[in-house]
Amino acid sequence: MSDLDFFQKVYEYCRHIPYGRVTTYGAVARAIGSPSGARMVGWALNKSSSIEPSVPAHRVLNRIGMLSGKKAFGDPNLMAELLRQEGHRVEGDRLLDFEESFWSA
DNA sequence: CACTTGACGTCGT
DNA sequence: GACGACGCCAAGT
């Protein structure tokens with residue numbers, strides 16, 4: 001498991017997230033073996049804008065379903081738009097059907 | 001080289 | 001049940 005970097009694991013996990021489904025930073029961190037690395041997951045996804053292939057970072061939210069990193073998408077409304085585009089209901093910076101659309105490996 | 005910040009989470013009050 | 005403080009790990013300044 002040490003072959004892949006922490007960031008690489010995050011990218012791979014995010015790519016496994018099905019369409020119209022979302023997850024949390026803590027869940028990802030825990031899934032890749034770093035239960036306390038939730039913050040690092042966010043850091044990795046921030047950098048994801050500079051890597052290929054593009055990672056569906058908009059499907060990763062915090063534990064309460066809030067679009068914590070919407071500002072990192074270039075346009076603050078982009079993340080909410082993408083989620084709405086997938087059929088989600090977004091209220092301001094919060095996903096209403098978050099628990100309903102929650103996905104876990 | 002040391003301090004601060006950051007896409008979070010959990011415990012305590 | 002809501003608000004605040006602490007803890008984690010890494011990068012930037």
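Labels below follow one simple rule: chain letters A, B, ... track the order of the sequence lines, proteins then strands, and each chain is numbered from 1. Note that this is a predicted model, so its numbers are computed, not measured.
Closest-nucleotide positions on DNA chain C for A/Phe7 and A/Arg39 were compared, and the one nearer the 5' end corresponds to A/Arg39.
A distance of about 22 Å separates the C1' atoms of B/dA7 and C/dC3, rounded to the whole Å.
Considering only heavy atoms from C-beta on, A/Val60 stays 4.5 Å or farther from A/Val55 through its side chain. Using a 4.5 Å cut-off on side-chain heavy atoms (C-beta onward), A/Tyr11 and A/Gln8 make contact. Put simply, the side chain of A/Cys14 does not reach to within 4.5 Å of the side chain of A/Glu12, judged on heavy atoms. Residues A/Ile17 and A/Val22 form no side-chain contact, since every pair of their non-hydrogen atoms from C-beta on lies 4.5 Å or further apart.
Counting any heavy atom pair closer than 4.0 Å across all strands shown, A/Gly26 reaches sugar-phosphate atoms only and no base atom.
For DNA chain C, the residues of residues 40-70 of chain A within the heavy-atom distance limit of 4.0 Å (strictly under) are A/Met40, A/Trp43, sorted by number. For the segment residues 76-93 of chain A, the set of residues with a heavy atom within less than 4.0 Å of an atom of DNA chain B is empty.
Put simply, chain A comes within 4.0 Å of DNA chain B, heavy atom to any atom, from B/dG6 to B/dT10, going 5' to 3'. Taking a heavy-atom distance under 4.0 Å as the criterion, the stretch of DNA chain C touched by chain A extends 5' to 3' from C/dG7 to C/dA11.
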**Pairing pattern in dot-bracket form [Watson-Crick, G-U; both distances under 3.5 Å; | = partner strand] for DNA chain C** = .||||||.|||||

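Counting only residues at least two apart or on different chains, no side chain to side chain donor-acceptor pair (under 3.5 Å) pair has a member in residues 22-45 of chain A. Sorted by first then second residue, the side chain to side chain donor-acceptor pair (under 3.5 Å) pairs that include residues 88-102 of chain A, not counting sequence neighbours, are A/Lys70-A/Asp93, A/His88-A/Asp97, A/His88-A/Ser101, A/Asp97-A/Ser101.
Take A/Phe7 and apply the ring pair (Phe, Tyr, Trp, His ring centres under 6.0 Å) test, not counting sequence neighbours, and it matches no residue. Residues passing the salt bridge (Lys or Arg N to Asp or Glu O under 4.0 Å) test with A/Glu86 are A/Arg59, sequence neighbours excluded. Applying the side chain to side chain contact (heavy atoms under 4.5 Å, CB included) test to A/Lys71 and every residue at least two apart in sequence or in another chain returns nothing. Every side chain to side chain contact (heavy atoms under 4.5 Å, CB included) that A/Arg84 has, sequence neighbours left out, goes to A/Glu81, A/Val90. In this structure A/Phe73 satisfies the ring pair (Phe, Tyr, Trp, His ring centres under 6.0 Å) test with no other residue, sequence neighbours excluded.
Here the straight-line distance linking atom CG of A/Leu61 with atom CZ of A/Phe102 works out to 10.0 Å at 0.5 Å rounding.
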**Request:** Test A/Leu83 against A/Leu67 for side chain to side chain contact (heavy atoms under 4.5 Å, CB included), laying out the working first.
**Result:** CA-CA 10 Å; A/Leu83 289 169; A/Leu67 287 61; 3.7 Å; yes

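Closest approach of A/Met79 and A/Gly69 over heavy atoms only: SD-C, 4.1 Å.
A/Phe6 and A/Ile51 fall within the same hydrophobic cluster, defined by Ile, Leu, Val, Met, Phe, Trp and Tyr side-chain heavy atoms under 4.5 Å apart, directly or through other members.
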